[in-house]
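Okay, structure first, notes after.
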Amino acid sequence: MFTFEDPDHCPQCQSKSIILGQKVYKKDVWGEDTDIAIGGMWFCNECGNVIGRKLSHYQNDINSDSV
């Protein structure tokens, strides 16, 4: 499901401990990292379930049961 919301719980274990891991940042013209996350995976910090992925700074592709 494409959404502008972040996941708020894990659909597998119902944990609220959700983190965005493996952040990949866009480079600016000088080769420095910016604060815009281009890629990354949302996953549960308790059970390790992958909930979805971050598509852009505002848009996510996540499991619809986790919103």
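None of the values given here were measured: they were computed from a predicted structure.
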- For E46, check side-chain contact (heavy atoms from CB on, under 4.5 Å) against everything at least two apart and list the hits.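 With sequence neighbours excluded, E46 shows a side-chain contact (heavy atoms from CB on, under 4.5 Å) to C13, S15, S17, C44, given in chain and number order.
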If you measure from [atom1] on [X] to [atom2] on [Y], what distance do you get to the nearest 0.5 Å?
| X | Y | atom1 | atom2 | result |
| --- | --- | --- | --- | --- |
| L20 | M41 | CG | CE | 9.5 Å |
| I51 | C10 | CD1 | SG | 4.5 Å |
| H9 | N63 | NE2 | CG | 8.5 Å |
| L55 | F2 | CG | CZ | 5.5 Å |
| T3 | I62 | OG1 | CD1 | 5.5 Å |

- List in chain and number order the residues that pass side chain to side chain donor-acceptor pair (under 3.5 Å) with D61, two or more places apart in sequence or in another chain; answer none if no residue qualifies.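 Only R53 meet the side chain to side chain donor-acceptor pair (under 3.5 Å) criterion with D61.
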- Task: State, yes or no, whether a side-chain contact exists between F43 and I18 at a heavy-atom distance under 4.5 Å.
- Result: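 Side-chain contact under 4.5 Å: no.
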- Could you verify whether a donor N or O on one side chain and an acceptor N or O on the other, from W42 and D6, lie under 3.5 Å apart?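 No, D6 and W42 have no side-chain donor paired with an acceptor closer than 3.5 Å.
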